[in-house]
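Because only heavy atoms are used, hydrogens play no part in the values below, and waters and symmetry mates are left out as well, while side chains stay in. Here the structure is a predicted model, which is why all the values come from computation and not from measurement. Naming: A, B, ... by sequence-line order, numbering from 1 per chain.
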Amino acid sequence: MGLRKLIAEAESLLREAGVEDPKIQLSKSPEYGEISSTVAFQLARPSKKNPLVVAEELMRSIDLSNARLVASVEAVNGYLNFKVDWNKYAESILREIFEEGERYGSSRIGEGKQVIIEHTSVNPNKPLHIGHARNTCLGDTIARILKFLGYDLIVLNYIDDSGTQMADVVLGFSDLGYQLDPPENMRFDEYCGDVVYVESVKRAEADPVLAEKRRQIVKEIESRSGKYFELNKLIVERVLRDQLKTCWRLGARYDVLNMESDVLEYRLWDEVFEKLREKNAVYYAGSGPKTGCWLLDLSGHPVLSREGDEVLVKSDHTTTYIARDIAYAAWKLGGTSKDFTYEIFGQNPDGTEIYVTSGNGSTRLKLSKIEKVINVIDVRQRRPQEIVKYALGLLGLQSEKYIHYAYEVVALSRSDAEKLGYPPDPDQQVIHMSGRRGLYVKADQLIDMLRDRAAEEVAQRHPDWDRRRVEEVAEKIAVGALRYSLIKPDIDKMIILNTEEMLKLEGDTAPYLQYTYARACRILEKSDSQISTKPPDNLTEDERTLLRRMTYLPILLQEFGENLLVKPIANYAYKLASDFNNFYEKSPVLWAEESVKSFRLGIVKAFTIAFGNVLRLLGIPIIELM
RNA sequence: GGGCCCGUGGCCUAGAAUGGAUAAGGCGGCGGCCUCCUAAGCCGCAGAUCGUGGGUUCAAAUCCCACCGGGCCCGCCA
């Protein structure tokens with residue numbers, strides 16, 4: 001085994017030398033060995049000794065006679081640096097990778113634990129824009145990794161199929177003369193979002209009669225019968241099926257679609273409201289500006305209490321969306337007695353089934369042993385999500401399991417806003433997208449642009465390929481490029497879309513990763529020699545660097561189980577690729593002498609396994625020839 | 001007014017949860033490397049008072065406080 005075994009060995013050596021809590025870290029530079037410890041600093045502190053002296057003493061008291069991987073320990077500047085026997089270490093790394101294959105990097109930390117993750121959740125009245133794509137790509141990547149770690153995962157997509165945003169579109173079709181069939185070459189979701197919705201919003205804002213009509217439509221949709229209700233149902237289904245095409249194109253998959261209208265049927269709120277009243281978490285406002293409302297008592301919350309209590313039931317007895325969200329969240333944590341029924345909606349590209357809530361359905365989800373509920377929702381919902389979480393606590397549920405996975409939005413650069421016909425103010429650097437105003441870049445639109453750009457490049461490199469083959473590879477490059485650029489930045493940082501910049505296929509991009517993988521494949525393909533895990537007498541620095549990087553994967557993924565941060569994984573993918581390219585440049589494989597060659601083939605093979613696993617986790621399509 | 005987030009070379013970012021040994025990449029600029037595993041690659045050069053000022057510490061980009069700049073949230077909308 002690789003790094004984990006090495007760390008365990010170093011820890012046990014330190015314990016034998018009398019250190020209670022051996023703190024091991026990866027060395028910052030190879031000259032400091034593979035791993036290092038700063039225990040000397042900790043030990044020196046209370047005794048006021050010199051850390052350098054403590055380190056020296058520790059070094060001398062470490063007994064290496066039974067060590068397997070550790071070859072030497074050196075005290076340098078107070079650090080204890082562990083160097084390994086690279087011959088043994090290299091072989092153990094390769095063996096581990098070959099033994100575990102497609103499972104390499106996984107551990108069983110998720111076994112027997114259930115996780116719910118909800119992502120995408122785009123209103124079914126428009127196509128996905130690039131901001132929604134960030135949500136989908138983050139959510140899907142988290143799902144892929146958790147699945148890999150052995151978690152029993154359920155992927156939800158919440159569909160808000162009622163409310164004003166739907167009524168806007170319905171109004172367009174019913175009263176503004178729009179035909180249900182989109183123009184030539186336009187998808188239905190684009191037609192609804194780009195044309196009908198935008199126009200309808202504009203008209204209703206200007207015309208009180210239309211605004212009133214829209215209110216009636218909202219009510220009728222909620223009543224679950226009548227021609228507007230039926231029309232809405234039709235629109236929702238058609239838009240949703242188009243949206244899913246985009247999601248699938250991005251590589252995402254879902255288990256369950258929870259339709260808001262169906263969820264409301266179960267009257268979760270009534271039950272949750274009852275419990276909130278029992279717990280004295282809500283109260284009725286008999287006077288003041290909120291007279292007639294039921295409010296959630298936030299006085300016990302350190303921060304939220306400063307902004308006043310939250311209305312859950314309005315004076316007209318209808319619920320606010322946050323009330324419905326609390327009820328729905330309670331369901332996710334198993335805090336309601338109701339159990340939705342489902343029927344099959346369709347299939348994901350991988351062949352698994354997607355279920356949708358349905359009164360006539362007979363399938364039920366098996367929610368037990370829930371470990372975490374992850375809700376991928378942009379950062380603007382931080383406050384409401386915090387309220388939901390707090391309410392779950394008041395209900396006596398395990399609110400710490402409820403995670404708002406908040407990510408910053410995608411905004412437009414000045415140049416992209418201008419391209420969309422929006423003139424930014426002189427000092428405006430960031431332009432926020434808006435569905436209502438039709439100011440957004442569609443996810444498909446951007447993938448198409450990327451695909452066309454990539455196709456030029458592919459065709460140039462492979463003049464003998466037919467158009468179909470070129471397009472196929474270009475599509476994979478485009479999807480990879482988009483996914484990578486959306487999951488790589490810190491979730492706390494806004495992405496300011498710059499399509500010019502994004503169309504580049506060099507440097508720290510997914511095409512670089514894909515290309516690196518393809519290069520490795522070619523070496524294996526062209527060789528008919530034996531693959532070996534036995535290193536020659538001396539390893540080159542590039543070989544060591546690459547091997548070393550590969551050993552990080554299991555630990556990195558283990559950390560993911562705790563922090564759910566996608567970024568470090570994307571970062572790791574780049575470094576791993578970069579290390580391979582260095583190796584590729586400096587350590588020839590196919591024309592090395594036989595013993596070196598078979599070992600290097602082993603490294604290349606191991607690289608394709610480890611790197612392939614990482615690419616799959618990130619949802620970056622693998623291309624063997626590009 | 002209250003709260004949250006961000007601020008690292010010209011531009012974009014990593015490093016920050018667990019403080020540690022010379023701050024790491026990409027883009028752009030300049031200069032190199034294909035008779036040999038795909039040059040979507042590799043190497044070199046130039047370019048950083050890690051927003052500012054204090055503090056804690058043997059040690060701060062990282063922790064604490066204040067301030068400055070930018071963004072977001074605070075509706076009987078969702």
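- A salt bridge (Lys or Arg N to Asp or Glu O under 4.0 Å) check over residues 309-327 of chain A, counting only residues at least two apart or in different chains, returns the pairs A/Glu310-A/Arg383.
- Ring pair A/Phe583/A/Phe607: centre-to-centre distance not below 6.0 Å.
- Considering every non-hydrogen atom in both A/Ala474 and A/Arg451, the closest pair reads CB-O, 3.5 Å.
- Shown here are the side chain to side chain contact (heavy atoms under 4.5 Å, CB included) partners of A/Glu74, two or more places apart in sequence or in another chain: A/Ser72, A/Val76, A/Lys83.
- B/rC11 and B/rU18 are spaced 32 Å apart, taking the C1' atom of each and rounding to whole Å.
- A/Tyr32 qualifies as a stacking partner of the B/rA21 base, centre to centre under 5.5 Å and near-parallel within 30°.
- B/rG19 sits 15 Å from B/rA59 when the P atoms are compared, rounded to a whole Å.
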Worksheet item: Would you write out the dot-bracket form of RNA chain B, 5' to 3', with Watson-Crick and G-U pairs under 3.5 Å, [ ] for crossing pairs, | for pairs to other strands and . for unpaired bases?
Response: (((((((..((((......[...)))).(((((.......))))).....(((((..]....))))))))))))....

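- Less than 6.0 angstrom separates the ring centroid of A/Phe273 from the ring centroid of A/Trp294.
- Between B/rU62 and B/rA23, the two P atoms lie 15 Å apart (nearest whole Å).
- Base contact: A/Ser587 has a heavy atom under 4.0 Å from a base atom.
- Between B/rC37 and A/Tyr515, no contact under 4.0 Å exists linking OP1 or OP2 to a side-chain N or O.
- For B/rA48 and B/rA66, the C1' atoms lie 25 Å apart once the distance is rounded to whole Å.
- Under the 6.0 Å cut-off for aromatic ring centres, A/Tyr512 and A/Tyr574 qualify, their centroids lying closer than that.
- By the ring pair (Phe, Tyr, Trp, His ring centres under 6.0 Å) test, A/Tyr32 pairs with no residue at all, sequence neighbours left out.
- Distance A/Met502 CE to B/rC11 C1': 15 Å, rounded to the nearest Å.
- Separation of the P atoms belonging to B/rC65 and B/rG47 is 37 Å when rounded to the nearest angstrom.
- Using a 4.0 Å heavy-atom distance criterion, A/Thr318 is classed as making no nucleic acid contact.
- Annotation: side-chain hydrogen bond (donor to acceptor under 3.5 Å, both in side chains) contacts of A/Gln165 (sequence neighbours excluded): none.
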Mind listing the N/O atom pairs, protein and nucleotides 1-4 of chain B, below 3.5 Å?
unit_1	atom_1	unit_2	atom_2	d
B/rG2	O3'	A/Arg306	NH1	3.3
B/rG2	N2	A/Glu307	OE2	2.7
B/rG2	N3	A/Glu307	OE2	3.4
B/rG3	OP1	A/Arg306	NH1	2.9
B/rC4	O2'	A/Arg382	NH1	3.4

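- Using a 4.0 Å heavy-atom cutoff across all strands shown, A/Ala520 reaches no nucleic acid atom at all.
- Within the 4.0 angstrom heavy-atom criterion, base atoms lie near A/Ile477.
- Residues meeting the side chain to side chain contact (heavy atoms under 4.5 Å, CB included) test with A/Glu594, sequence neighbours left out: A/Ser529, A/Lys597.
- For A/Ala459, the side chain to side chain contact (heavy atoms under 4.5 Å, CB included) criterion is met by A/Val470, not counting sequence neighbours.
- Atom CG in A/Leu503 sits roughly 18 Å away from atom P in B/rA40 (whole-Å rounding).
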Sort me out a list of protein N/O and nucleotides 12-18 of chain B N/O pairs below 3.5 Å, or just none if empty.
unit_1	atom_1	unit_2	atom_2	d
B/rA14	OP1	A/Asp490	N	3.0
B/rA14	OP2	A/Lys493	NZ	2.5
B/rA14	O2'	A/Asn571	OD1	3.1
B/rG15	OP2	A/Lys567	NZ	2.7
B/rA17	N1	A/Asn563	ND2	3.0

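- Nucleotide B/rG28 holds its P atom 8 Å from the CD atom of A/Glu501, rounded to whole Å.
- One N or O on the side chain of A/Arg134 and one on the backbone of A/Glu408 form a donor-acceptor pair closer than 3.5 Å.
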Could you list the protein-to-nucleotides 62-68 of chain B atom pairs, N/O on both sides, closer than 3.5 Å?
none

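- Although no hydrogens or angles enter the test, the distance criterion places a donor-acceptor pair under 3.5 Å between the side chain of A/Asp490 and the main chain of A/Asp492.
- Comparing B/rU57 with B/rC64, their P atoms are spaced 16 Å from each other, to the whole Å.
- Taking atom C1' on both B/rA61 and B/rG51, the two are 12 Å apart, rounded to the nearest angstrom.
- Between A/Val311 and A/Lys526, the one whose closest nucleotide on RNA chain B sits nearer the 5' end is A/Lys526.
- Here A/Tyr321 does not reach the OP1 or OP2 of B/rA78: none of its side-chain N or O atoms lies under 4.0 Å away.
- Annotation: ring pair (Phe, Tyr, Trp, His ring centres under 6.0 Å) contacts of A/Tyr197 (sequence neighbours excluded): none.
- Shown here, B/rC34 is classed syn by the O4'-C1'-N9-C4 or O4'-C1'-N1-C2 angle, which is within 90° of 0.
- By the side chain to side chain contact (heavy atoms under 4.5 Å, CB included) test, A/Glu585 pairs with A/Arg519, sequence neighbours left out.
- Nucleic acid contact for A/Thr291: base, since at least one base atom lies under 4.0 Å from a heavy atom of the residue.
- Considering every non-hydrogen atom in both A/Pro568 and A/Leu556, the closest pair reads O-CD2, 4.1 Å.
- Using atom C1' as the reference point in both B/rC5 and B/rG10, the two lie 26 Å apart (nearest Å).
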